[in-house]
There are 2 protein chains.
Amino acid sequence: MSNTPSKKNNTNIGPLNDLVTYHLRRAQVTSFNNFAQAMSEVQITPGQFGVLSLISSNQGLSQSAVARALGVERSTMVAVIDGLEKRDLVIRQPSPTDRRSNALVLSEKGQKLIGDGTDMAIGSDKKTVAALNDEEAIQLLTLLRKINHHSGI
Amino acid sequence: MSNTPSKKNNTNIGPLNDLVTYHLRRAQVTSFNNFAQAMSEVQITPGQFGVLSLISSNQGLSQSAVARALGVERSTMVAVIDGLEKRDLVIRQPSPTDRRSNALVLSEKGQKLIGDGTDMAIGSDKKTVAALNDEEAIQLLTLLRKINHHSGI
DNA sequence: TATTGTTATACTCTATAACTATA
DNA sequence: TATAGTTATAGAGTATAACAATA
């Protein structure tokens, strides 16, 4: 489940070093690995965590609404919810208002997991930004939020 | 090749909004899409661009060295270099010092592409950080560099 | 007509493990 | 023994296109 190839490198990376895209991708891989490690007990990926967290904050949400909020296709959500339902973390309830749609809720197990999991995620975040002081970490979050908000997120 | 599912969303994302991991991932997807769009003429992915750029700055680099510098497995590099070689962007030359190893160099076509491509990449970067002013964009880059440097990058 | 959930399918990126030829 | 390149294989994660049921 871990993910970081070995060995140091001392190669001159040239213009890459000035690209946000490049550093964003590297940092994201790091944060993903930290997350996977922090969640190794509960075996939850960042994507699954996002879904659980979202449902937790919005009980009864539809699959399509989750997909839209996370920026993925609704077809993609099917397998994700399947997996979470199979592990008894999420329940597909019939929507009371729309017979096409599922109202997603967390099971008790799901609620417990997201309770503990949120702390683990915060811990993993701290590890990711370990090179930054508190002010810088907040700055980073603020800047990323601006970028994301600007692109409709 | 584009990648962003449709529709606005106005769902409360709860604790996710305080996670660097979450915003890092979303921002990275945005930057990836901007990159793909900027490079649509030349059909170069961020990963391929990284390889070309790295070879450009370090002519004669081995595949393993590129893999290490970019944080991927050397087995992963094989197909990437295959693709770039098939498009006549990169040439595998026999290393003069180590008969196991390939010395990677850019073809003329590859040099031309990375010349233009670097500007396109910078343009795509500008789009990614369009929500930030110049000072903030530099801050972001600095913070991301700190994170990456801390994890050995 | 448009939307929800679903299935089938495919593509990209990446890893692990084992092999060979060197070093 | 260790490293470079390679192959085979597999697993995430995600997209597109089409379909039935419902709005």
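Proteins come first, then strands; the chains are lettered A, B, ... in the order of their sequence lines, and each starts at number 1.
Between the CD atom of A/Q93 and the C1' atom of C/dT4 there is a distance of 17 Å, rounded to whole Å. Computed from coordinates, the A/Q28 CD to D/dT14 P distance equals 10 Å when rounded to whole Å. In this structure, B/R74 places its CZ atom 11 Å from P of D/dT6, rounding to the nearest Å. In this structure, CG of B/N102 is placed 13 Å from C1' of D/dT3, rounded to the nearest angstrom. When the C1' atom of C/dT14 is taken as reference, atom CD of B/E73 falls 9 Å away, rounded to whole Å. When the P atom of C/dG5 is taken as reference, atom CD of A/E85 falls 12 Å away, rounded to whole Å. Rounded to whole angstrom, the span from the CG atom of B/N33 across to the C1' atom of C/dC13 amounts to 15 Å. Between the CZ atom of A/R68 and the P atom of C/dT3 there is a distance of 9 Å, given to the nearest Å.
In this structure, B/T76 reaches the bases: a heavy-atom distance under 4.0 Å links it to at least one base atom across the strands shown. Within the nucleic acid shown, A/R99 comes within 4.0 Å of sugar-phosphate atoms alone, with no base atom in reach, counting heavy atoms only. Heavy atoms of A/S75 sit under 4.0 angstrom from at least one base atom.
Side chains of A/R92 and A/Q63: a donor on one and an acceptor on the other come within 3.5 Å. With no hydrogens or angles considered, a side-chain donor-acceptor pair links B/D125 and A/T21 at under 3.5 Å. Side-chain contact, A/S57 with B/N12: no donor N or O sits under 3.5 Å from an acceptor N or O.
Where A/V80 and A/R100 meet DNA chain D, the nucleotide closest to each residue was compared, and A/V80 sits on the side nearer the 5' end. For the pair A/S62 and B/A79, both in contact range of DNA chain C, the more 5′-proximal nearest nucleotide belongs to A/S62. Where A/G47 and B/S64 each meet DNA chain D at their nearest nucleotide, the meeting point lying more 5' is that of B/S64.
The side chain of B/V72 has C/dA15 as its nearest neighbour among D/dT14, C/dA15, D/dT6.
Between A/T45 and the phosphate of D/dA12, there is no side-chain N or O to OP1/OP2 separation shorter than 4.0 Å. OP1 or OP2 of C/dT6 lies within a sub-4.0 Å distance of a side-chain N or O belonging to A/Q63.
Of the possible polar contacts, none joining the B/Q139 side chain to the A/Q139 backbone as a donor-acceptor pair under 3.5 Å is found. No donor-acceptor distance shorter than 3.5 angstrom exists from the side chain of A/E85 to the backbone of A/D82, with no hydrogens or angles considered.
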